[in-house]
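In what follows, a structure is listed as structure tokens, so that the remarks can point back to it.
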Amino acid sequence: MQHEPIKIAILAMGGEGGGVLADWIVDLGEHNGWFAQTTSVPGVAQRTGATVYYVELFPGADEPGARAPVLSQAPLPGDLDIVLASELMEAGRAVQRGFVTQDNTTLLSSTHRVYSIAEKSAMGDGRVDSDALLRQARRAAKRFVSFDMAEVAERAGSVISAVLFGALSGTGVLPFSREQFEHTIERGGVGVKPSLRAFSAGFSEALDAQVGNKPKAATHSSPRQALSYHPALAPLVERANALPTGVPEIALEGIRRLADYQDPLYARTYVDRLETLATAPGGRDSALLRETARYLALWMSYEDTMRVADLKTRGSRFERVRDEVRSRDDQVLEIEEFMHPRLEEICETLPKDLGLWLSKPNWANRLVGRFTRQGRVIRTSSLGGFLMLYTLARWGRWRRVTLRFSLENARIETWLQRLRLIASLNPQLALEAAQCQRLVKGYSDTHARGLRNYETLMSVVDRHQRSLAPVTLRELRDAALADEHGHKLKECLQRHALTL
Amino acid sequence: MAERSFIEEVKKLRLSKGEVFSGEGILAVTKALLESGVAYVAGYQGAPISHLMDVLADAQDILADHGIRFENSASEATAAATLAASVNYPLRGAITFKATVGTNVASDALANLASGGVLGGALIIVGEDYGEGSSIMQERSHAFAMKSQIWLLDPRPNLPSIVQSVKDGFDLSEATSTPVMLQMRIRSCHLHGQFIAGENCRPAFTVKDAMENPRRDVNRIVLPPASFLHEREKVQERWPAAIRFIQERQLNEFFAEDAADAGIALQGGNYNSVIRALQKLGLANVYGDTKIPLYVMNVAYPLVDAEFDRFCKNKRAILVIEEGQPNFVEQNVASILHQSGLSTRLHGKDFLPLAGDYNTATVLKGLRGFLELYGLVASEAPAVPKRRPISIPVVAAQPATAPKPAMALLGGDEEVLDSNGNDESLLGAARPEIHTLSDDLDVLPPLDQTVHARPPGLCTGCPERPIFTAIKLVERELGEHHISADIGCHLFSILPPFNLGSTTMGYGLGSASAAAFTVAPGSEPATKRAISLMGDGGFWHNGLTSGIANAVFNRSDNLTVIVDNNYSSATGGQDLLSSRAHNPTRSTGHEIEKAVKGVGVDWVRTIKRTYDLKAMTSALREALTAREVGPKVLIAQSECMLNLQRREKKQVRKAIADGQRVVRERFGVDPDTCTGDHSCIRLSGCPSLSIGDNPDPLREDPVAVVLDSCVGCGNCGEVSHAAVLCPSFYRANIVSNPTRRDKLRQRVRSAVIGWLQSREAKRRAVYAPVASTSLQAGASHAA
């Protein structure tokens with residue numbers, strides 16, 4: 001006689017089919033002569049919140065005169081045989097809540113991430129370390145079976161619950177055969193075929209994961225091929241390759257990007273600038289050069305209207321959209337852009353003097369201003385919309401005469417000058433200052449806010465270049481990315497008694 | 001219930017005698033009502049009892065066959081007042097709602113009902129939303145039962161006991177002229193189990209019979225002197241009758257009464273947790289055979305003195321297990337023991353926490369303490385053999401009977417709290433001490449850093465999202481305002497990313513709870529107005545009078561935003577007066593705007609499409625800055641996306657299969673123009689607007705990504721326009737089964753656009769490095 005029921009917890013987010021999975025397990029049990037009970041507290045959690053479904057199975061319901069067991073309504077931490085998690089952070093939650101033990105818990109989890117609102121809404125990168133979650137889960141469980149179930153479900157045209165059900169079967173932790181599992185899905189009668197496909201894929205993935213013959217993810221170190229560059233770029237590439245270790249990878253991407261952005265001459269300016277820093281006192285620090293190479297390339301390829309128009313009208317972009325929205329060949333795809341060019345952007349697109357004139361309060365300013373109050377939807381897939389953006393993109397050839405170019409160029413020069421100066425004092429501080437360019441991003445208000453924060457930090461650097469610790473600058477940078485209103489930055493500046 | 005069908009569940013209601021019912025607890029209660037010959041049912045939807053209402057609404061033929069009146073009450077007060085039908089007539093009636101919120105609303109009618117008493121059985125089924133996952137304030141219905149003298153049933157949580165309890169409840173009600181409350185705990189409502197069905201039974205006396213044979217008895221009406229008579233009747237007649245009935249029917253249960261000299265008195269609802277805890281202590285088996293005496297009160301109120309007398313007589317001590325506070329039962333038992341002169345020691349909240357739900361871990365901890373004190377479990381040695389030897393050398397603890405959770409929390413955080421703040425990690429065992437072992441070398445960040453809270457939020461494409469985005473945007477111009485929230489999906493506005501709303505005082509009370517915020521007449525006017533939110537559900541529940549009419553009468557100057565999404569969405573998408581769908585058994589299509597104007601609001605604006613962010617923001621701006629004095633009402637309409645999708649997904653699939661031209665809209669983000677600031681997410685929080693790796697080898701911050709679950713509501717585009725965010729968003733219109741014209745146009749476009757694109761690609765290819773490298777990702781669009 002069995003003394004304890006089999007206890008299973010399912011951790012899922014509302015709307016992910018955790019309830020369906022629990023019902024399948026119950027039906028699997030009941031249909032095969034077991035007692036089965038499930039409970040949950042969906043309540044408001046049904047809408048994207050984290051939810052726990054709990055199932056207990058006990059054998060012998062089909063025996064004559066069988067006594068009904070007393071089954072529990074909620075999971076007892078430390079007392080679970082199987083935990084199923086539909087997503088990696090939910091697996092972490094199972095561990096956190098003590099549901100997973102090394103003694104007897106088989107933990108099945110998908111390795112994909114559904115980001116929490118805190119991770120998504122961070123101004124920079126707020127994602128938690130998936131690898132840490134994986135290791136925590138692996139360490140906590142007796143057996144840990146994991147793979148990307150979202151991807152498997154997607155391939156099968158089904159949902160994660162079906163993959164989990166297959167994986168549950170594949171691990172062999174329940175005393176039911178694969179056929180018994182599959183018949184359960186068939187009895188359900190809804191979306192049977194895709195569910196069975198997903199089940200089957202989940203089954204074999206779990207089996208593979210167990211015997212350990214799962215092919216490792218493709219290694220990223222693809223063999224470096226010798227590349228041939230256009231004669232105009234080849235000398236630049238040679239010069240970039242002469243930079244300290246770690247720098248050329250980034251610098252080559254910079255050259256490629258800037259040649260694509262403007263022309264080989266512009267890429268040369270980039271290499272010139274890098275070399276100037278490299279030859280300055282303290283400037284040959286590889287970390288400093290690498291990060292400068294990165295942010296200089298990004299800054300020099302700033303996104304003005306021509307760049308956006310260019311990126312939006314490329315054929316490769318049309319292909320990417322088609323893939324992303326899964327538009328099939330027999331479907332017609334229309335692409336509409338949501339743009340909001342303001343007067344500022346128009347001024348900056350114009351030749352410098354004209355742009356400056358237009359940005360002053362005059363009749364033209366008022367006239368153009370009237371037409372830029374609202375956002376516009378531009379259909380890039382139509383001839384009119386496409387040609388407009390295409391023409392705008394071609395104006396990029398004369399980018400060097402625009403107001404925006406002169407503004408950005410001046411900022412870049414000031415930044416580089418500053419880096420050279422600080423590098424001679426403290427290369428580490430220069431490295432941090434180089435990374436502050438990261439704050440300048442986005443468009444319109446977002447860009448203005450980023451630029452303001454960047455300039456705040458740079459003025460701190462300028463004033464305190466001899467006394468500022470690199471780690472403090474890093475802290476300030478993180479603070480600037482902490483909230484939109486600059487509260488954290490202000491507080492951080494005060495804490496360090498840094499005056500502007 | 002417009003968009004869901006409960007045909008499968010209705011089938012279960014038709015089962016006849018001897019057949020096995022297999023399903024949810026609350027559905028079992030519904031079946032039990034039919035088996036009990038109920039003549040009318042009413043209620044107000046809400047988790048966890050919505051299912052009862054929804055399934056009955058789909059069971060019109062059964063209702064017609066049996067002559068049962070079924071109402072979707074306007075509020076819980078309406079539902080409770082409906083039980084008045086059982087005062088003068090032998091009609092069995094049942095009502096249901098979520099507790100304690102519903103009991104609060106219903107309490108006036110319940111008190112009047114309980115005062116005069118009933119002739120026909122009156123059953124109040126409360127879905128007790130207490131403990132983990134609860135969405136309301138943590139209180140219990142117990143106090144309502146006590147103050148109005150309503151008998152309270154709390155059966156053992158298995159389907160046969162629950163079903164029996166419904167039947168006993170009606171009998172008890174009739175035998176004692178007292179309404180009976182059946183407490184269905186949330187986990188029991190959602191409990192899947194089985195029971196052997198009985199035959200459905202047509203009521204012997206129907207509402208039709210009552211209407212055709214009216215009766216009255218002035219002594220049943222609450223007005224002096226009858227009300228004084230009622231008070232005496234309650235204690236002199238109804239109470240003793242109840243005590244007799246409970247004993248005769250043996251509604252409460254004794255298990256292993258004499259097995260030990262210390263026992264446990266518990267409410268039925270806690271039985272399974274107690275058995276599991278005893279099992280973990282080696283004192284019970286899986287069938288519930290226990291070595292510790294148990295007195296299970298399936299009737300939680302009133303307590304039966306004689307039964308306590310019997311249970312305590314030969315015991316040194318008892319432990320009362322009673323969830324929540326105050327500890328009414330424990331106090332009552334203390335008085336019983338004192339008066340009967342028994343010297344049995346009484347324990348309860350000294351071993352168990354004062355607050356929080358009693359899950360198995362909590363009960364286990366309390367039981368262990370109690371049983372150790374009376375020597376019924378050894379305090380040190382494990383009571384049951386471990387199923388497998390513990391193989392974790394990392395954590396050493398005093399032996400616990402159940403295997404410990406493996407502590408992957410080496411970075412600190414030894415105590416793990418669940419959503420209720422209950423310590424559930426330790427199973428009542430001593431706290432594990434963490435030894436420094438080899439595993440420590442592999443230091444992991446603490447789980448409280450890697451596991452984020454994941455509260456519920458608005459669904460993908462929710463029409464309420466743009467309302468909050470609009471408030472956010474208007475607040476950027478006009479500054480922050482006092483915002484009074486209400487109950488409903490819209491309450492998720494209080495969470496990130498919106499962080500809007502200061503209080504919630506109850507369903508439909510959003511506007512009422514801003515009532516104080518109007519300056520005294522004649523004094524200097526305030527520079528800002530308060531904003532209240534209210535859903536259409538709350539509006540019809542009571543908000544029209546408690547909020548809007550109140551604001552008119554008291555000359556308020558505030559703004560109320562009424563979220564009109566066609567349904568009572570938070571409770572499962574039931575129809576309302578203002579629903580736009582046709583419902584054969586209910587009258588819909590009554591506009592909120594008309595009702596609001598009817599009670600005297602002059603400033604009313606209706607936004608027909610909440611996704612029109614420009615219209616939303618300008619209406620809000622106008623309402624907050626208009627010179628006119630008086631209450632302002634802004635009705636924001638768009639259908640609940642969850643229900644819309646339920647209906648339309650099927651239709652669209654069919655249309656595509658039938659070869660019709662169908663346009664699907666969805667949004668996307670261009671990763672090469674997205675700079676990873678995520679402003680768009682901070683103004684939306686849509687589940688399908690997420691983040692992903694930045695394909696740009698130079699950039700590190702993740703880019704925004706629109707997942708394929710996008711329903712193309714348009715909010716992303718509107719936000720990027722209204723907030724002037726970035727040009728990264730695009731809308732893709734995917735035309736299935738394109739017409740000949742579509743195809744022709746597409747061919748012409750592709751020819752011209754494709755030619756220009758390939759020309760450009762060739763020009764760029766001149767400078768692109770030949771063959772791909774490790775920097776492949778960045779080179780992809782330059783190919």
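Within every chain, numbering begins at 1; the chains are lettered A, B, ... in the order of the sequence lines, protein sequences first and strands thereafter.
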Straight-line distance of K120(A) NZ to R682(B) CZ, nearest 0.5 Å: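 The CZ atom of R682(B) is 13.0 Å from NZ of K120(A), to the nearest 0.5 Å.
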Counting only heavy atoms closer than 4.5 Å, note whether [X] contacts chain B via side chain, backbone, both or neither.
X       : result
V26(A)  : side chain
E154(A) : neither
Q37(A)  : both
E119(A) : both
Y390(A) : side chain

Given 3.5 Å as the limit, does a donor-acceptor pair link the side chain of [X] with the main chain of [Y], or not?
X       : Y       : value
H721(B) : R376(A) : yes
Y767(B) : A232(A) : no
K280(B) : D79(A)  : no
Q136(A) : P445(B) : yes
Q757(B) : T313(A) : yes

Carboxylate-amine/guanidinium proximity below 4.0 Å for D289(B) and R67(A):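 Yes, charged N to carboxylate O under 4.0 Å.
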Pair Q73(A), S188(B): side-chain N/O donor-acceptor within cut-off below 3.5 Å: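 The answer is yes; a qualifying pair exists.
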Criterion side chain to side chain contact (heavy atoms under 4.5 Å, CB included) on I186(B) and T39(A), from CA distance to verdict: CA-CA 9 Å; I186(B) 190 160; T39(A) 49; over 6 Å; no
